[in-house]
Number of protein chains: 2
Amino acid sequence: MARKTGSRSEITGPRVQAAALHLFAAEGYAAVSMRRIAQEVGVQAGALYLYTSDKQSLLYDLMQSHMTELLEAWRQVAAVGSPLERLRAFNRFHIFHHLDRPEAVFVAYMELRNLSPENFTRIEALRGRYEAELESILKAGQQAGQFDIPDTKLATMALIAMLTGVNTWFRQGGRLSRERVEAIYWDMVRKAVGA
Amino acid sequence: MARKTGSRSEITGPRVQAAALHLFAAEGYAAVSMRRIAQEVGVQAGALYLYTSDKQSLLYDLMQSHMTELLEAWRQVAAVGSPLERLRAFNRFHIFHHLDRPEAVFVAYMELRNLSPENFTRIEALRGRYEAELESILKAGQQAGQFDIPDTKLATMALIAMLTGVNTWFRQGGRLSRERVEAIYWDMVRKAVGA
DNA sequence: GTCTATATGCTGATAGAC
DNA sequence: GTCTATCAGCATATAGAC
């Protein structure tokens with residue numbers, strides 16, 4: 001603990017990422033200094049540049065990892081079956097995946113404007129791919145006559161906003177369990193698409 | 001235009017607020033300096049302190065005005081009538097009011113963490129009052145047997161997140177008019193509450 | 001009411017010792 | 001791999017001239 005120097009590259013890198021995520025989520029990218037991140041990790045500011053080329057990369061890497069992990073995790077569970085079953089799987093996946101990593105979700109939504117133009121474009125492309133996953137479910141249900149949706153693109157945006165909103169108010173140990181929240185949102189989602 | 005000094009207190013104050021709103025929305029509170037705001041207004045940085053005690057007050061005043069105006073505007077249109085009619089009025093009001101002032105809405109949602117603890121508490125109280133307006137409509141419809149809602153508190157949060165989300169993707173002159181968006185969201189809202 | 005000048009301190013990033 | 005020292009610049013806020 002009192003150790004001030006030493007060779008610990010195998011763990012310091014991830015700790016830099018973790019500290020940046022934690023601080024960016026709590027105080028915002030622009031409000032957090034490199035010195036503050038270094039302090040959280042327990043190194044001097046200069047040492048951070050062994051693990052990231054600059055502050056912008058630190059933010060981009062966090063957001064890129066988050067979006068990639070989101071898409072990959074969905075691919076693992078992306079249900080086959082009827083559109084209704086697939087929509088139910090999406091509802092469950094989105095709520096649980098987002099509740100499991102509130103800091104990454106918060107940063108991914110709040111810090112978009114602090115990305116460089118090139119990095120912003122890359123992250124938006126990943127977000128578009130995730131939205132397309134939901135829209136394909138809605139289109140399939142609409143074509144099969146199982147859903148009644150006036151506009152699948154708007155329904156996609158509406159449902160994602162509604163589901164992501166859970167992160168803003170859900171508190172562990174609160175009035176409702178995650179499973180109960182999932183069930184209640186499923187009821188509203190199902191009705192909203194006319195199923 | 002080339003005028004560098006002079007007495008224009010009656011317009012400089014509002015211009016400071018407008019510049020702060022514009023810049024905070026575009027770049028974020030923490031990323032915007034007082035010098036930058038002064039530059040936008042066309043005065044020196046020191047002159048800003050004639051119109052605000054400090055940077056924090058600039059942010060708080062913007063958010064407080066926004067929330068107060070939101071509550072007051074709703075009070076003007078808050079429909080009497082059946083719960084279904086009142087919900088339809090809320091749907092319309094929320095979408096249009098928010099689309100009319102995207103910068104204020106954006107700042108009010110994104111900069112909460114940059115408020116001092118006392119100011120945060122005050123803003124959250126105003127937000128709670130607005131949410132209570134919607135929840136009272138949902139409760140009335142539920143009690144009258146006209147809605148079918150598993151949990152009115154969650155439905156309140158879900159619907160507000162969904163409606164506010166319009167601001168993140170709606171672009172003037174895009175594929176859909178505001179009226180069409182309102183109609184499509186009303187279809188989804190109505191179905192979601194089981195009406 | 002606005003200006004200039006200034007105080008005090010923090011910023012991202014780099015160079016070079018160890 | 002981490003440290004210390006440093007650069008050049010910008011931050012908020014205030015004092016006092018005009």
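All values below come from the heavy atoms of this structure, side chains included, with hydrogens, waters and symmetry mates left out. Residue numbering restarts at 1 for every chain, and letters A, B, ... go by the order of the sequence lines.
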S.K.: Think Arg178(B) forms a cation-pi with Phe96(B), using NZ or CZ under 6.0 Å from the six-ring centre and within 45 degrees of its axis?
M.R.: yes
S.K.: Hydrophobic cluster mates of Met110(B), side-chain heavy atoms under 4.5 angstrom, ILVMFWY only, any path?
M.R.: Phe106(A), Met110(A), Phe106(B)
S.K.: Could you work out how much the helix from dG1(C)-dC18(D) to dC18(C)-dG1(D) bends, comparing the axis of its first five pairs with that of its last five, to 10°?
M.R.: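 Here the helix ends are tilted 0° relative to one another.
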S.K.: Given dT4(C), is OP1 or OP2 found less than 4.0 Å from the side-chain N or O atoms of Gln44(B)?
M.R.: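 Checking Gln44(B) against dT4(C): at least one side-chain N or O falls below 4.0 Å of OP1 or OP2.
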S.K.: Does a donor on one side chain and an acceptor on the other come within less than 3.5 Å for Arg88(B) and Asn91(B)?
M.R.: no
S.K.: Distance check: side-chain N/O of Thr12(A) vs OP1/OP2 of dG1(D), anything under 4.0 Å?
M.R.: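 Checking Thr12(A) against dG1(D): no side-chain N or O falls below 4.0 Å of OP1 or OP2.
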S.K.: I need the Tyr29(A) OH to Leu23(A) CG distance, nearest 0.5 Å.
M.R.: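 Answer for the OH-CG pair, Tyr29(A) versus Leu23(A), is 13.5 Å.
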S.K.: Please check: side-chain N/O of Gln142(A) versus main-chain N/O of Ile149(A), any donor-acceptor pairing under 3.5 Å?
M.R.: yes
S.K.: Do Tyr109(A) and Tyr109(B) make the cut of ring centroids closer than 6.0 angstrom?
M.R.: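 Ring-ring flag for Tyr109(A)/Tyr109(B): false, centres at least 6.0 Å apart.
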S.K.: When the aromatic ring centroids of Phe90(B) and Tyr130(B) are compared, is their separation below 6.0 Å?
M.R.: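 Judged by ring-centre distance (under 6.0 Å), Phe90(B) and Tyr130(B) do meet the cut-off.
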S.K.: Nearest-Å distance, CD1 (Ile37(B)) to C1' (dC10(D))?
M.R.: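 Atom CD1 in Ile37(B) sits about 15 Å away from atom C1' in dC10(D).
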S.K.: If I take atom CZ from residue Phe170(B) and atom CG from residue Leu154(A), how far apart are they, to the nearest 0.5 angstrom?
M.R.: 9.5 Å
S.K.: Where along nucleotides 12-18 of chain C does protein come under 4.0 Å, by heavy atom, of base (B) or sugar-phosphate alone (S), with - for untouched nucleotides?
M.R.: BBB----
S.K.: Find the distance Leu48(B):CG to dA13(D):C1' and express it as a whole number of Å.
M.R.: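 So the two atoms are 11 Å apart, to the nearest Å.
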S.K.: What integer distance in Å separates Tyr51(A):OH from dT2(D):C1'?
M.R.: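 The answer, rounded to whole Å, is 8 Å.
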